[in-house]
Amino acid sequence: MRRLGNVRSESGRLQLLVLVSAHLCSITERRGEEKRREEEKRREEKRRGEEKRREKKRREKRRRECAVAFITSGCLFVTDYFTRTPRKLNAFRSFASVELFHFTVPDDTVVAVWNLITFKEQGGTFGDNCPDRNVAVYFRSGAPPVINPLNTHFPKDTIVPGSFAVTLTWTLPNRTTGVFNVTSPLPGDWFLAAHLPKDEGKISVKADDKSFYHYSLMAGLALHALQGVDQKSATTGLHEECQYLFQPQLIVQRLIGISVLYPGYFIDQMIPGHNRSVLYKVFIPSYISSVKVQLVDCNTRNKSSERCPVLLKLRARAPPVHNSSAVDCRENTPCELEVPLLSWEQWYYILVERYLNTADVYFRIGVQVKDCSKPSITKGSSAMNMPQSFGTAMGFSLSETLPAAGLPNLARNSSDQNPLLKAENSIIYLAPTADTNKCWPIRPTLRNELDTFSVHFYIFFGPNISIPPDRAAVFSINLMPVLDSGGVLNMELKLNVVSEN
């Protein structure tokens with residue numbers, strides 16, 4: 001009985017120890033669970049903090065991007081997506097082996113991002129065993145890029161337009177991607193050309209030639225077996241064709257509500273302290289010899305200052321970039337930026353960029369143009385032995401079309417009035433000027449299409465043209481946007497100097 005009691009007491013102690021250990025284990029598990037929860041909570045708080053910091057950086061980046069938007073309409077962006085069907089790339093032998101892709105960039109685009117996707121295929125499956133072959137991609141605006149992968153020489157006296165080039169390397173066994181960004185791209189046609197490097201000379205079999213591949217492989221195996229060569233080496237010289245497919249995608253972000261300036265009008269504007277810059281655009285019609293952007297009455301916080309802390313930039317067809325025409329208004333009083341020999345029928349973009357400070361900048365901005373559309377300007381010494389192309393088809397000049405629709409009735413300047421006349425709504429009108437020394441006659445040409453791929457341009461009353469010493473010779477050549485893309489323009493010029501006694 002005593003032994004039985006001892007056994008019972010031992011079992012009771014064991015049960016107690018089990019209960020205590022279970023309790024301790026539960027406490028340990030609860031503490032571990034609490035620690036894990038605390039650790040997850042800290043990680044979640046850290047993640048939220050990082051997300052907040054990233055969101056703050058994104059907001060700050062968007063705020064900087066919004067600085068180029070129209071200050072009274074806010075920052076409004078529209079994102080457009082474009083994609084193309086994947087195409088098989090070929091090794092470069094000639095221009096015929098290049099795959100050409102065409103995109104259209106909208107107006108007012110501030111950034112264009114091309115996503116370049118390349119992947120391998122072999123025998124209808126992923127080409128994991130295909131060798132890595134770099135992909136060359138070229139970009140050009142307006143026409144297909146002129147490339148020279150074989151490093152050949154162009155003929156003498158040939159102007160070769162430049163293009164952007166990107167080389168894609170492989171980051172995964174059967175897929176790779178690349179990104180190409182363009183800030184303030186030119187609108188209109190963009191062309192992409194892609195190809196593989198020069199062929200290495202290996203023998204390959206197309207996927208649809210299964211029977212030929214089978215019999216060739218069997219013959220090779222039998223031959224190598226008779227020669228005592230390992231069967232594994234029988235497939236080294238003959239393999240399934242590796243296909244490299246290329247698919248470009250385009251993402252553009254364009255601004256909405258850019259302020260439009262009208263030639264001859266001055267308006268009061270302001271750059272608030274939280275914005276870095278303000279963007280405008282003005283349309284330049286035909287027969288304009290030069291444009292001048294003027295920035296006057298500059299001050300900060302209603303305090304006049306001799307030095308205007310802004311940078312004035314101008315660019316045709318797209319918002320200005322770092323190498324656009326610019327003038328520092330701190331060093332020029334009055335602040336003016338004049339550009340001659342303009343691109344007609346195009347938008348010109350004006351960027352007023354404030355230097356680093358927190359003060360509001362107030363100014364008055366206007367655009368002056370030199371109008372050469374009046375036929376009377378071409379009389380006198382500028383009349384040549386050919387018809388002149390001055391004068392618009394509608395029979396009116398730029399000055400006769402102003403004031404434009406939607407603008408208030410404005411006071412016009414005259415010979416006995418101040419050149420700048422204040423009017424209602426803080427808008428001033430200054431009529432366009434015409435400088436006969438800047439108006440060059442435009443000599444038209446006749447377009448003669450010889451065949452599908454050849455065009456000849458004839459000069460009216462040519463080919464001999466007299467060029468006086470005080471005038472430039474300007475010829476108008478009508479190149480079609482799509483039909484003439486990718487062609488070569490050959491020009492032949494013979495000069496004969498005639499002295500006057």
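For the numbers below, each heavy atom of this structure counts, side chains included, while hydrogens, waters and symmetry mates do not.
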Counting only pairs under 3.5 Å, give me each side-chain donor-acceptor contact of residues 177-190, with atom names and distances, residues two or more places apart or in other chains.
residue: Asp189; atom: OD1; partner: His102; partner atom: NE2; Å: 2.8
residue: Trp190; atom: NE1; partner: Leu186; partner atom: O; Å: 2.7

List, one per line, each side-chain donor-acceptor pair under 3.5 Å for residues 151-158, sequence neighbours excluded.
residue: Thr152; atom: OG1; partner: Asn148; partner atom: OD1; Å: 2.8
residue: Thr158; atom: OG1; partner: Pro155; partner atom: O; Å: 2.9
residue: Thr158; atom: OG1; partner: Lys156; partner atom: O; Å: 3.4

Would you be so kind as to tabulate the donor-acceptor pairs closer than 3.5 Å made by side chains of residues 105-121, with sequence neighbours excluded?
residue: Asp108; atom: OD1; partner: Lys281; partner atom: NZ; Å: 3.4
residue: Asp108; atom: OD1; partner: Tyr349; partner atom: OH; Å: 2.4
residue: Asp108; atom: OD2; partner: Lys281; partner atom: NZ; Å: 3.1
residue: Thr109; atom: OG1; partner: Pro106; partner atom: O; Å: 2.7
residue: Asn115; atom: ND2; partner: Gln249; partner atom: OE1; Å: 3.4
residue: Lys120; atom: NZ; partner: Cys130; partner atom: O; Å: 3.0
residue: Lys120; atom: NZ; partner: Asp132; partner atom: OD1; Å: 2.4
residue: Lys120; atom: NZ; partner: Pro173; partner atom: O; Å: 3.0

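Scanning all heavy atoms of the two residues, the minimum distance from Pro285 to Trp344 falls at O-CD1, 3.6 Å. Contact between Ser277 and Glu353 at its shortest, heavy atoms only, is CB-CA, 3.7 Å. Heavy atoms only, all atoms of each residue included: Asn332 and Asp328 are closest at ND2-O, 2.8 Å. Nearest heavy atoms, Phe77 versus Gln253: CD2-CG, 3.6 Å. In plain terms, the two heavy atoms of Leu150 and Lys198 that are nearest each other are CD2-CD, 4.3 Å.
Side-chain contact between Cys335 and Gln294: absent, with no pair of heavy atoms (C-beta onward) separated by less than 4.5 Å. Between Val282 and Ile350, some side-chain heavy-atom pair lies under the 4.5 Å cut-off. Side-chain atoms of Leu295 and Pro334, non-hydrogen and from C-beta on, never get closer than 4.5 Å to each other. The closest side-chain heavy-atom distance from Val369 to Ser290 is not below 4.5 Å.
Aromatic ring orientation, Tyr458 versus His456: parallel (interplanar angle below 30°, classes split at 30° and 60°).
A cation-pi arrangement is found for Arg87 relative to Phe101, the charged atom lying closer than 6.0 Å to the ring centre and inside a 45° cone about the ring normal.
Residue pairs satisfying the disulfide bond (SG atoms under 2.5 Å apart) criterion with at least one member in residues 157-189, sequence neighbours excluded, are absent.
The distance from atom CG of Asp297 to atom OH of Tyr362, rounded to the nearest 0.5 Å, is 14.0 Å. Of the inter-residue distances, the one linking Cys308 atom SG with Arg330 atom CZ reads 10.5 Å to the nearest 0.5 angstrom.
Not a single donor-acceptor pair under 3.5 Å links the side chain of Asn174 to the backbone N or O of Asp128. A distance-only check finds a donor-acceptor pair linking the side chain of Arg447 to the backbone of Asn478 [under 3.5 Å].
Remark: Tyr81 pairs with Thr79, Ile251 by the side chain to side chain contact (heavy atoms under 4.5 Å, CB included) rule, at least two apart or across chains. Evaluation of the side chain to side chain contact (heavy atoms under 4.5 Å, CB included) rule for Leu479 yields Phe457, Ile477, Asp484 as partners, not counting sequence neighbours.
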**OP:** Walk me through it: do Asp80 and Leu250 pass the test side chain to side chain contact (heavy atoms under 4.5 Å, CB included)?
**Re:** CA-CA 8 Å; Asp80 297 324; Leu250 174 61; over 6 Å; no

Original post:
side chain to side chain contact (heavy atoms under 4.5 Å, CB included) between Leu196 and Tyr244: does it pass, once the steps are laid out?
Top reply: CA-CA 8 Å; Leu196 296 175; Tyr244 299 82; 3.7 Å; yes

**OP:** For the pair Leu100 and Phe191, evaluate side chain to side chain contact (heavy atoms under 4.5 Å, CB included) and give the outcome as yes or no after the intermediate values.
**Re:** CA-CA 7 Å; Leu100 190 64; Phe191 294 88; 4.2 Å; yes

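Side-chain atoms of Tyr280 and Gln269 include a donor-acceptor pair closer than 3.5 Å.
No salt bridge links Glu99 with Arg84; every basic N to acidic carboxylate O contact stays at or beyond 4.0 Å.
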